[in-house]
Amino acid sequence: MPLGTELPGVRVHVLDDGLRPLPAGAVGELVIGGALLAEGYLGLPEVTGARFVPVPALGGERVYRTGDRGYRDLKGRLWFLGRQDNQVKLRGYRIELEEIEAAASAELGGRSCAVVLHHDEASGPRLVGFLEGSEQPDQAALHQALGRRLPGGLVPAAWTALDTMPLLPGGKPDRAALARLAAEAGPVGEPAQAQPQAFTDPGQALIAEAWQEVLGHDRFTADSHFFEVGGHSLLAARLAAWLEPRLGSRPQLRTLFQHPVLADQARALTGANQ
């Protein structure tokens, strides 16, 4: 989102994690200085000390840390990219939660969405999503739709519908409350009701063997969704590597993401039942 340029009496800098100025085009935190800078938060000395800081690299200038990410282009215009506290790191990648939420909302006709990083002791960290409204989403359809809009690592493992989305006073999703809901819900993508299935079709049997190898369990059926039974982007890469010598070539990750249901994946990769 373009912000334009500073008003008179205001200075905006783009700083890196060490509070050092960045050149045009480099992404960092937007901080505000200048003669019109506020003294701080009334009655909140700790918050003031954290947000209003002197920057040695700017000659000791006192600035306000906005927590916003952005950059300055070659024409001097400032651009806003999102909140720093809405950026998470998952399996080595920095992820903008708002990007995922915007894609999901677009797929669902503007429905309010929120995504959090859930740390599951059994299966590790993964993204989980929440939707406002009592109607539960079609998990497989939503996953496939988001897979066409986003890289595979940005697609949440599961979505939960909430009658009311918990909000902060400013009207934004309360991610701390959503993280607690995710923790209370237990492990993501571990359907206890799914019993091991005997696969008679050779193609499905091969894919089932691959799933069991990378997932570490066999609690899935031909209708199971890879990303709902414990799969994620890293395991999808391992799945492709395991299948390579058995299929004669490595499956494209795009194919695995577009066909996450076991039976569909078997048809796409082996031509089963065609």
Side-chain angles (χ1 to χ4, degrees), residues 1 41-44 46-47 50-51 66-69 80-90 93-194 223-233 257 260-261:
M1 180 182 298
Y41 290 98
L42 182 63
L44 298 173
E46 292 185 1
V47 179
R51 287 293 188 182
T66 67
D68 294 333
R69 297 178 65 255
F80 170 76
L81 295 178
R83 292 288 299 168
Q84 287 204 145
D85 50 12
N86 289 343
Q87 185 186 77
V88 298
K89 192 171 184 180
L90 178 63
Y93 294 95
R94 292 190 179 275
I95 296 173
E96 300 286 351
L97 297 178
E98 290 168 330
E99 179 183 358
I100 306 171
E101 294 163 354
S105 182
E107 286 292 340
L108 297 169
R111 193 171 174 183
S112 180
C113 307
V115 177
V116 298
L117 180 62
H118 173 54
H119 294 273
D120 190 328
E121 292 184 2
S123 52
R126 63 188 55 215
L127 298 171
V128 295
F130 294 88
L131 308 171
E132 188 168 45
S134 57
E135 182 182 353
Q136 292 290 340
D138 183 328
Q139 300 276 353
L142 181 56
H143 198 285
Q144 283 190 325
L146 292 178
R148 292 190 291 269
R149 286 176 172 264
L150 301 167
L154 271 64
V155 179
W159 291 85
T160 301
L162 301 173
D163 290 335
T164 303
M165 182 75 72
L167 300 176
L168 296 171
K172 295 183 179 181
D174 186 342
R175 298 184 194 277
L178 293 173
R180 289 193 295 270
L181 288 175
E184 293 169 1
V188 178
E190 291 290 340
Q193 72 276 14
D223 297 323
S224 292
H225 190 290
F226 182 74
F227 298 98
E228 293 177 11
V229 294
H232 51 69
S233 58
F257 287 121
V261 175

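These numbers were taken from a predicted model, which means no experiment stands behind them.
Taking every heavy atom of both residues into account, Arg51 and Thr66 meet most closely at NH1-C, 3.6 Å. Counting all heavy atoms, side chain and backbone alike, Arg111 lies closest to Glu132 at NE-O, 2.8 Å. The minimum heavy-atom distance linking Pro260 with His225 is given by the pair CG-NE2, 3.2 Å. Considering every non-hydrogen atom in both Arg175 and Val115, the closest pair reads NH1-O, 2.8 Å.
Here the straight-line distance linking atom SG of Cys113 with atom CG of Leu142 works out to 8.0 Å at 0.5 Å rounding. The CG atom of Leu108 lies 10.5 Å from the CG atom of Asp138; values are rounded to the nearest 0.5 Å. Expressed to the nearest 0.5 Å, how far CG of Leu131 lies from CD of Glu101 amounts to 10.5 Å.
Remark: Phe80 pairs with Met1, Leu3, Asp68 by the side-chain contact (heavy atoms from CB on, under 4.5 Å) rule, at least two apart or across chains. Every residue two or more places apart in sequence or in another chain that forms a side-chain contact (heavy atoms from CB on, under 4.5 Å) with Leu117 is listed here: Val88, Leu90, His119, Pro125, Leu127. Residues meeting the ring-ring contact (aromatic ring centres under 6.0 Å, His included) test with Phe226, sequence neighbours left out: Trp211. Under the side chain to side chain donor-acceptor pair (under 3.5 Å) criterion, Arg149 pairs with Glu107, sequence neighbours left out. For Ala176, the side-chain contact (heavy atoms from CB on, under 4.5 Å) partners are Asp174, Arg180, not counting sequence neighbours.
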* How far apart are the C-alpha atoms of Leu181 and Phe130, what are their side-chain angles, what is the distance that settles it, and do they pass the side-chain contact (heavy atoms from CB on, under 4.5 Å) test? -> CA-CA 10 Å; Leu181 288 175; Phe130 294 88; 4.3 Å; yes
Return a table of donor-acceptor pairs under 3.5 angstrom between the side chains of residues 156-168 and protein atoms on other chains or two or more places apart.
none

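Environment of CD in Gln136: crowded, with over 12 heavy atoms of neighbouring residues, nucleotides or ligands closer than 6.0 Å.
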